[in-house]
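One structure below.
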Amino acid sequence: MQTRRLKADEQGILEAADRIRSGDLVAFPTETVYGLGASVYDAAAVQAIFAAKGRPGDNPLIAHVLGIRDAQALGEWTPLAQTLAEAFWPGPLTLIVKRRPQVSSVVSAGLPTIALRAPSHPVARALIAAAGVPIAAPSANRSGRPSPTTADHVMEDLGGIIPLVLDGGASEVGLESTVVDATSEIPLVLRPGAVTPEMLATVAGECRVAEAVMRQLREGEYAPSPGMRHKHYAPKARMTLVEGSGDEVAAALTALTANAPNTWALALADIIPQGAGPQWRSLGRDAGEAAHNLFYLLREADHQGVKRIYVQALRRDGMGLAVMNRLARAAGFDIKTARELLQGQHDKKGNTE
Ligand code: AMP
Ligand code: MG
């Protein structure tokens, strides 16, 4: 199949909307990452999303709507969902509520709940409006690869597999939406994103974060969000997260990447040493910039044949929690302190001398 790439102007959006209505898949930009969309009401098209991505059949999709009214047609609204949607929609927040029986269970991978989001990206909104139906869409990557933040990334993963990509430039946030269970009275974050636990607590009074957000599920353990079970966001390189003060991390990254071919040091700009070599890559100036740059950098590492990446661990608050959630999964939860890594380097040298 030839994949067409259309500029996301009025004509491109109308053509994409036609495709959605006739049961095809369309990749489109949102403010978080690019999505791979189909009509929520077309079970065969929704099924085709799983096939195109190679997505496990038990990992549900997010239904994209224009606002609260559309969302209420798909899910059983709760007072908490109302409060959160009023505060953060349209935007990078996905709400989990009970699914209405008329919505195909294929969207929810058989779960009794459904994930709902009203995106703020003008192209995503225009597409939903023109299609006249909610659009079920996970991220537009092959399963297990970093989510796509540009049309180029989508072409890399799904070129030849889907008919159409709408190109609307780079996604602003760069990480997937915050996923919140809104079925009870207190919001429970299942996946951190740009709408942070701190922001949710401000409007809801309090906010919980699922414990599995920052650790690996144990064999057979219940996953409050099926996405937690799956390998995710993985570059081809082996990755280790490095914790410690800025100085300690800079020293460890310097030692670990010196004379090490195909090895990268990824860190915030302020700890990168002056005159650092090309093995140093900047995550940006803060966690927000790191979110925007992360998936791009992981894909770039693949292109350059990088085999080993050491990354500065960020503080797990605000947007830092979202970045760390993706980094920890990409690293298979290999998180070490700068001190133990430096000690290891030292021991290795001692042994060979
Ligand atoms: P993606 O759109 O590719 O970022 O994936 C959607 C994410 O939302 C996955 O991590 C899913 O596991 C999660 N999700 C979707 N629907 C539900 C649901 N009903 N309950 C819990 N998590 C969900
Ligand atoms: Mg995804």
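Remember, it's 1-based here, ligands and their atoms both numbered in the order they're listed. Owing to the predicted nature of the structure, the values given are computational and were not obtained by experimental measurement. Here, residue 1 is the first one in the sequence, and each next residue gets the next number.
- Comparing S225, A115, G227, A137 against atom 13 (C) of ligand 1, the shortest heavy-atom distance belongs to S225.
- Taking the charged nitrogens against the carboxylate oxygens, R299 and D302 have no contact shorter than 4.0 Å, which rules out a salt bridge.
- Contact annotation for I62 and ligand 1: only side-chain heavy atoms (C-beta onward) come within less than 4.0 Å of the ligand.
- Residue R55 places a heavy atom less than 4.0 Å from ligand 1.
- In this structure, R142 contributes its side chain and E156 its backbone to no donor-acceptor pair below 3.5 Å.
- Ligand 1 has an N or O atom lying under 3.5 Å from an N or O atom of N59, backbone or side chain.
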Run the side-chain hydrogen bond (donor to acceptor under 3.5 Å, both in side chains) check on D152 and T150 step by step: do they pass?
CA-CA 5 Å; D152 278 345; T150 64; 4.9 Å; no
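- Set against the non-hydrogen atoms of T113, the atoms of ligand 1 under 4.0 Å away are 18 (C), 19 (N), 20 (N).
- Judged purely by atom type and a 3.5 angstrom limit, T178 uses its side chain to pair as donor or acceptor with the backbone of V195.
- Residue P224 places a heavy atom less than 4.0 Å from ligand 1.
- Taking W280 as the reference, nothing meets the ring-ring contact (aromatic ring centres under 6.0 Å, His included) condition, with sequence neighbours excluded.
- At a heavy-atom cutoff of 4.0 Å, ligand 1 is contacted by the side chain of R191 but not by its backbone.
- Atoms of ligand 1 found under 4.0 Å from any heavy atom of E176 (numbered from 1 in listed order, with element): 4 (O).
- K336 has no carboxylate O lying under 4.0 Å from a charged side-chain N of E340, or vice versa, which leaves the two without a salt bridge.
- Relative ring orientation between W89 and W77 is described as tilted, the plane-to-plane angle lying within the 30° to 60° band.
- Remark: side-chain polar atoms of S171 are paired, donor with acceptor, to backbone N or O of T30 under 3.5 angstrom.
- Put simply, S139 gets within reach of the Mg ion (ligand 2), with an N, O or S atom under 2.8 Å from it.
- Interface of P226 with ligand 1, defined as ligand atoms under 4.0 Å from a residue heavy atom, comprises 12 (O), 21 (C), 22 (N).
- Near L111, meaning under 4.0 Å from one of its heavy atoms, ligand 1 places the atoms 18 (C), 19 (N), 20 (N).
- Contact between S108 and ligand 1 is absent, with no heavy atom of the residue lying under 4.0 Å from the ligand.
- In summary, the atoms of ligand 1 found under 4.0 Å from a heavy atom of S139, numbered by their order in the structure, are 1 (P), 2 (O), 3 (O).
- Note that the CD1 atom of I96 and the CZ atom of R191 stand 9.0 Å from one another [nearest 0.5 Å].
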